Amino acid sequence: MPARLADYDVARRRLVRELPDRPGRGIAILRIAGDIVDGRSADPLVKPPFRIPLLFGERAGDLTIVQQARALERNRRVGAVVVHVDSGGGSATASEAMAGALRALARRKPVAVSMGGMAASGGYYVATPGARVFAHPGTVTGSIGVLGGKLVNAGLYEKLLWHREVIRRGEHAEMLSTSRGFTDEERRTVWEHIHRTYDLFLRRVMEARDMARDAVDAVGGGRVWTGQQALDRGLVDALGGVEEAVEWVRKQAGLGRHTAVRVAQPGRKLLAPAPLATADWLSYAADGLRTFHHGPLALCPIQFANEPL
């Protein structure tokens with residue numbers, strides 16, 4: 001029979017298609033894109049011609065991402081999750097909140113991470129719960145480090161003829177004020193806080209990548225790597241993108257070739273953390289016992305008394 005041209009609607013009815021798998025569990029893609037901030041995810045009303053971090057870029061908020069992770073954890077129709085990260089970082093506290101929710105999700109379902117054009121600093125932090133991390137050869141990743149400080153505009157308002165009067169109570173009430181710099185004592189406090197946050201960052205990477213602290217510190221300290229360099233240094237598991245990550249979690253969850261893949265959307269209902277299972281309670285108790293081996297403690301003796309004092 002000679003070939004003839006037809007539009008797609010006609011041709012589609014004649015195509016031989018494989019039957020899809022029966023409805024059941026699917027794969028969800030959780031997207032973490034833009035600057036990581038405390039609060040809710042948002043898109044800028046106006047997009048400038050070039051990227052201005054934290055001001056007019058896309059934002060991934062911990063309140064949104066944590067709720068999405070909890071919803072996926074409880075959704076029985078979700079058999080596995082791919083976390084797609086395209087972020088240069090942001091708030092350390094928001095990154096820790098997201099990573100904590102993703103760790104809870106990973107304890108119940110297979111979770112892989114697919115890095116986009118950038119997954120650095122906080123963007124790498126939120127990738128640590130993934131059981132397998134994929135990156136493109138040219139992905140900008142790593143930047144395991146912490147910075148802190150503030151913008152000081154002392155003298156600017158006077159030049160604009162805008163006079164302000166500050167009323168404060170407490171020696172360090174103006175510590176984060178933009179009208180003056182840090183005192184020597186405040187600078188030491190900020191430096192100590194940066195060191196504590198960096199130590200926590202190192203510990204998260206150590207646990208996720210099964211690396212020694214010195215090994216993580218050697219590739220950390222704010223150093224930035226391409227995806228290929230990160231693979232050579234053990235910071236990612238394989239080169240690839242979302243398709244490779246979806247295929248990996250599909251096999252881990254025992255799902256069929258035609259399993260539905262959907263992008264997770266923010267829900268309206270607020271969810272509390274899921275209750276711990278019996279095995280999790282045992283792990284929780286073991287973690288409490290290990291606390292006694294980590295140095296000095298600050299425990300109130302009243303909590304051990306049978307009757308309040």
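Every value quoted in this text rests on a predicted model; they were computed, and no experiment measured them.
In this structure, K150 does not pair ionically with E186, as no charged nitrogen and carboxylate oxygen lie closer than 4.0 Å. With respect to the salt-bridge test (charged N to carboxylate O, under 4.0 angstrom), the residues R103 and E207 do not qualify. Salt bridge annotation for E96-R204: present, with a cationic side-chain nitrogen under 4.0 angstrom from a carboxylate oxygen. Ion pair R250/E247 flagged as a salt bridge, since at least one NZ, NE, NH1 or NH2 atom sits closer than 4.0 Å to an Asp/Glu carboxylate oxygen.
A continuous path of hydrophobic side-chain contacts links V216 to L231 [ILVMFWY only; heavy atoms under 4.5 Å].
The OG atom of S41 sits 10.0 Å away from atom CD1 of I36, with the distance rounded to the nearest 0.5 Å.
Looking only at side-chain heavy atoms (C-beta outward), V236 and Q228 stay at 4.5 Å or farther from each other. The side-chain heavy atoms of V111 and V249, taken from C-beta on, include no pair separated by under 4.5 Å. Using a 4.5 Å heavy-atom threshold, the side chains of L30 and V82 count as separate. The side-chain heavy atoms of V37 and D62, taken from C-beta on, include no pair separated by under 4.5 Å.
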Margin query: Walk me through whether D38 and T93 qualify under side chain to side chain donor-acceptor pair (under 3.5 Å).
Written below: CA-CA 7 Å; D38 300 286; T93 54; 2.8 Å; yes
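Summarising the geometry of W248 relative to A112, their closest heavy-atom pair is CE3-CB, 3.9 Å, with the distance given to 0.1 Å.
A donor-acceptor distance shorter than 3.5 angstrom exists from the side chain of S87 to the backbone of G89, with no hydrogens or angles considered. Here the side chain of Y125 pairs no donor or acceptor atom with the backbone of V205 at under 3.5 angstrom. Judged by distance alone, the side chain of R203 and the main-chain N or O of R213 form no donor-acceptor pair under 3.5 Å. Under the 3.5 Å distance criterion, the side-chain polar atoms of R223 are matched with a main-chain donor or acceptor of G220.
Taking the ring centre of F134 as origin, the terminal cationic atom of R132 falls inside the region bounded by 6.0 Å and 45° from the ring axis.
If you check the side chains of T141 and T139, you find no donor sitting under 3.5 Å from an acceptor.
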